[in-house]
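To start, the structure under review is shown below, and the notes come after it.
Position 1 is the first residue of the sequence; numbering continues from there. In this text, all values refer to a predicted model and were calculated from it rather than measured experimentally.
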Amino acid sequence: RASAGNDLTQSATRFLASTQVEGASDPSAAIHAALVFAGRGRNERPLSIVYIGDGTPTVGPVRPGTIEKAIDHDLGDASASVIAVGVGSESDSETLGAIARGGGGVTVNYLPGKSIDEVAYNVIGAVRGMHLRNVRVTLPEGLVDAAPRRPDSLRSGGELWLLARMQRPTIHGDVVLRGRLGNAAFERRWPINLVATESDGNAFVP
């Protein structure tokens, strides 16, 4: 692992300048190439791969599930993780999520209005921080059709928005968040008390 500085910047610039654009995108092949380039073995110190792009695949595995499995297979038991940085408001969030899940990492979005410094800070935090993997959310009885059905990994300080349909006017119970934090099981509970209303803010909801 090289330390940050002018030498690393120049090396990265030369590497990017030598890359020829071929008019196709294969995220899983890009992750595989990064592993080969890093010369990964087993039981080495952790490696972080940062994928930057819109995530849209045009060759190779193109379905999110297939991409996730391909990346998970390539990483195997290597001590490595993948951070997926989505660029632009039209980036493919499903594929970016699959890249991060397959790589045991998280997603970071670079959207209009965000500064490069802010995104860089979030990426560094994602690389150095702990990730909650295998995220599962259990909702109280009466909340159904939750989305997303399979949440992405969560980075430290990250957020998870979950939508669900209420089957009755009031819901009481605990929201339970489970996952893996490093090699340890993680669980947190939050009590909720939801009451359906007919306020103006809810007028657009059937």
Side-chain angles (χ1 to χ4, degrees), residues 1-35 37-38 45-58 62 64 67-68 71 75 79-135 137 147-148 150-163 177 179-182 186 188 190 201:
R1 183 190 295 261
S3 59
N6 291 333
D7 291 344
L8 179 59
T9 300
Q10 292 174 6
S11 176
T13 301
R14 287 194 298 270
F15 171 76
L16 293 173
S18 67
T19 301
Q20 299 298 317
V21 179
E22 297 180 354
S25 175
D26 187 343
S28 58
I31 304 304
H32 177 79
L35 285 167
F37 181 78
R45 60 182 179 178
L47 168 73
S48 293
I49 298 172
V50 180
Y51 169 89
I52 303 175
D54 64 5
T56 304
T58 57
V62 294
I67 292 173
E68 180 180 345
I71 294 174
L75 264 61
S79 182
S81 61
V82 180
I83 310 301
V85 182
V87 179
S89 58
E90 297 183 1
S91 58
D92 187 339
S93 60
E94 288 192 28
T95 298
L96 291 167
I99 293 171
R101 286 193 301 272
V106 295
T107 58
V108 176
N109 293 317
Y110 180 25
L111 300 172
K114 283 191 174 182
S115 68
I116 293 179
D117 289 347
E118 179 184 359
V119 176
Y121 180 82
N122 289 337
V123 171
I124 293 172
V127 168
R128 295 184 176 178
M130 294 288 287
H131 308 147
L132 183 65
R133 307 181 184 187
N134 301 329
V135 177
V137 179
R150 187 177 181 187
D152 294 336
S153 298
L154 288 171
R155 61 184 173 88
S156 178
E159 293 182 336
L160 170 61
W161 287 77
L162 196 72
L163 305 181
L177 174 66
R180 303 287 300 180
L181 194 60
F186 175 93
R188 289 284 172 83
W190 293 272

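- When all heavy atoms are compared, the tightest approach of Leu111 to Gly88 is CD2-O, 3.6 Å.
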Which donor-acceptor pairs under 3.5 Å do side chains of residues 93-100 form with protein atoms, sequence neighbours excluded?
unit_1: Thr95; atom_1: OG1; unit_2: Asp92; atom_2: OD1; d: 3.4
unit_1: Thr95; atom_1: OG1; unit_2: Asp92; atom_2: OD2; d: 2.8

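- Put simply, CG on Leu181 and OG on Ser153 are 11.0 Å apart, with the number rounded to the nearest 0.5 Å.
- The main-chain N or O of Asp7 is never found under 3.5 Å from a side-chain atom of Ser11 such that the two would form a donor-acceptor pair.
- Residues Asp54 and Thr56 share a closest heavy-atom pair of OD1-N, 3.0 Å.
- In this structure, Leu162 and Pro148 have side chains that are in contact, with non-hydrogen atoms separated by less than 4.5 Å.
- Ile71 approaches Gly102 most closely through the heavy-atom pair CG2-C, 3.7 Å.
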Item to check | Full working for side chain to side chain contact (heavy atoms under 4.5 Å, CB included) between Val62 and Thr58 | outcome: CA-CA 7 Å; Val62 294; Thr58 57; over 6 Å; no
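- Between Val50 and Val108 there is no side-chain heavy-atom pair separated by less than 4.5 Å.
- The side-chain hydrogen bond (donor to acceptor under 3.5 Å, both in side chains) contacts involving residues 107-117 comprise nothing, where partners must be two or more places apart or lie in separate chains.
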Next on the checklist: Please determine whether side chain to side chain contact (heavy atoms under 4.5 Å, CB included) holds for the pair Val123 and Ile52, giving the CA-CA distance in whole Å, both sets of side-chain angles, and the decisive distance to 0.1 Å.
Outcome noted: CA-CA 10 Å; Val123 171; Ile52 303 175; over 6 Å; no
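- Within 6.0 Å of the CH2 atom in Trp161, the count of heavy atoms belonging to other residues, nucleotides or ligands does not exceed 12.
- To the nearest 0.5 Å, the span separating CD1 on Ile31 from CG on Leu75 amounts to 8.0 Å.
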Item to check | Steps toward side chain to side chain contact (heavy atoms under 4.5 Å, CB included) verdict (Val106, Ile83) | outcome: CA-CA 5 Å; Val106 295; Ile83 310 301; 4.1 Å; yes
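- Here the shortest heavy-atom pairing between Gly104 and Ser81 reads O-CB, 4.0 Å.
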